[in-house]
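Counting convention: from 1, in listed order, for ligands and their atoms alike.
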Amino acid sequence: MKIITSIPEVQTEIRKHRKQGQTIGFVPTMGALHQGHLSLAETCRKENDITVVSIFVNPAQFGPNEDFEKYPRDFQKDESMLKELGVDLIFYPAKDEIYPPGYCTYVEVEKLGQVLCGKSRPTHFSGVATVVLKLFNIIKPDRAYFGRKDAQQAVLVKRMVKELNVDVIIKALPIVRDHDGLALSSRNVYLSPAEREAALHLPQALIQAREQIQAGLKDAAQIKSVIETGLKNIPLLTVDYVEVVTLDRLEAFPVTPGGQLIDNNNTLVAAAVKVGKTRLIDNFILGEI
Ligand code: PAF
């Protein structure tokens, strides 16, 4: 497994594989890898000749009072996990390699970046779109792999790629959960045992909503209220948002005499909470990203 930190070097390496007719699969990450990332890399390996994983804690997607400095970093552990999995190349650039002094070009995906998580993290998705497009331009992958835990991110990247005519197939793979149901996230390491207990109410509230939908509930407002009830009065936990929106446009469902009826093939049910200082997100989707 090669570890490359410079853009020209990684481009040369990729060009070499392309010349041999090999397909390139790409998994962008911020490191602190867990089974969720590894499941992306495993699928990537199965579907492509060469698997490239990037590890870059992207400052542009953190707000001024967010956890950029304390975001978990453990390159050696990440490296050994990826090596064991048979990944071919880690792209591990420094901050200045991606954002040299004076850097001033950013990508904005309007609307999709301003709703849900974008309301409380107004610059986040511009930072994500910018780094993802840069990485796509550097690696030029045939396929790129994202987790559905960050459903909004996957929807937004898919739209960006379509509208900017980037020649890459975006794959969004299922959420991987811990034994207790909590969606895997690099930020879970911040949780104390009591906070983790509180955090479990998030997947549990979503399961309740899903069960109600399976039993026939179709009104977005009522689905939202099932989740809000499940998250009410939980010590240590505050709700950022609970939203039931169309999966493709992240918009509210039209109001009809029968209520705001969801579409069983195009719905995202998503929530974000803060447990202590840690922000956690989770969701389920009806349909395909
Ligand atoms: O999902 C992430 O880890 C990040 O948002 C990504 C896609 C690697 C961009 O920095």
Side-chain angles (χ1 to χ4, degrees), residues 5 7 10 25-41 43-44 51-63 66-75 77-78 81-82 87 89-99 103 105-109 112-113 116-118 120-139 141 143-161 164 166 168-176 183-190 270 272 278-283 289:
T5 58
I7 294 173
V10 81
F26 176 47
V27 183
T29 81
M30 299 207 299
L33 302 179
H34 51 65
Q35 199 50 47
H37 299 109
L38 299 187
S39 78
L40 301 182
T43 305
C44 184
T51 290
V52 180
V53 175
S54 65
I55 296 180
F56 179 65
V57 184
N58 172 33
Q61 71 188 73
F62 290 80
E66 293 183 359
D67 56 344
F68 174 69
E69 295 299 339
K70 83 167 208 214
Y71 194 83
R73 291 161 173 88
D74 190 343
F75 181 74
K77 192 167 161 218
D78 292 345
M81 285 165 124
L82 295 175
V87 164
L89 197 166
I90 301 179
F91 179 47
Y92 182 48
K95 185 171 153 253
D96 280 6
E97 188 73 5
I98 298 294
Y99 301 114
Y103 185 89
T105 307
Y106 293 88
V107 180
E108 199 71 57
V109 184
L112 292 185
L116 309 178
C117 289
S120 50
R121 307 185 75 192
T123 56
H124 173 68
F125 286 107
S126 170
V128 169
T130 301
V131 83
V132 168
L133 184 61
K134 283 174 69 72
L135 291 167
F136 284 173
N137 285 335
I138 295 164
I139 308 290
R143 293 176 198 82
Y145 296 80
F146 293 82
R148 280 191 210 142
K149 185 176 77 68
D150 299 295
Q152 183 175 10
Q153 168 172 281
V155 169
L156 180 134
V157 166
K158 210 163 181 182
R159 178 73 78 85
M160 173 185 77
V161 155
L164 294 181
V166 187
V168 58
I169 295 166
I170 303 301
K171 299 255 183 159
L173 302 189
I175 296 176
V176 180
L184 292 184
S185 161
S186 304
R187 289 189 168 97
N188 290 354
V189 296
Y190 298 150
T278 307
R279 191 170 183 283
L280 300 171
I281 57 173
D282 202 347
N283 71 76
I289 294 176

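Cation-pi contact between Lys134 and Tyr103: absent, since separation from the ring centre below 6.0 Å together with deviation from the ring axis within 45° is not met.
For the pairing with Asp67, the salt bridge (charged side-chain N to carboxylate O under 4.0 Å, His left out) check across Arg279, Arg121, Arg187 returns one residue only, Arg187.
Between Asn188 and Ala183, the shortest heavy-atom distance links the atoms ND2-O, 3.0 Å. Ser39 and Val176 make their closest contact through OG-CG2, 3.6 Å (heavy atoms, listed as atom of the first residue, atom of the second, distance).
Of all the heavy atoms of Thr29, the ones lying under 4.0 Å from any atom of ligand 1 belong exclusively to the backbone.
The protein atom (non-hydrogen) at minimum distance from atom 9 (C) of ligand 1 is Gln61 OE1, 3.3 Å. Of all protein heavy atoms, the one closest to atom 3 (O) of ligand 1 is Met30 CG, 3.7 Å.
Numbered from 1 in the order shown, with element, the atoms of ligand 1 that lie under 4.0 Å from a heavy atom of Val131 read 9 (C), 10 (O). Against a heavy-atom cut-off of under 4.0 Å, Gln153 is close to the following atoms of ligand 1: 1 (O), 2 (C), 4 (C), 5 (O), 7 (C).
Side-chain contact check for Asp78 and Tyr92: no donor-acceptor pair (N or O, by modelled atom type) lies under 3.5 Å.
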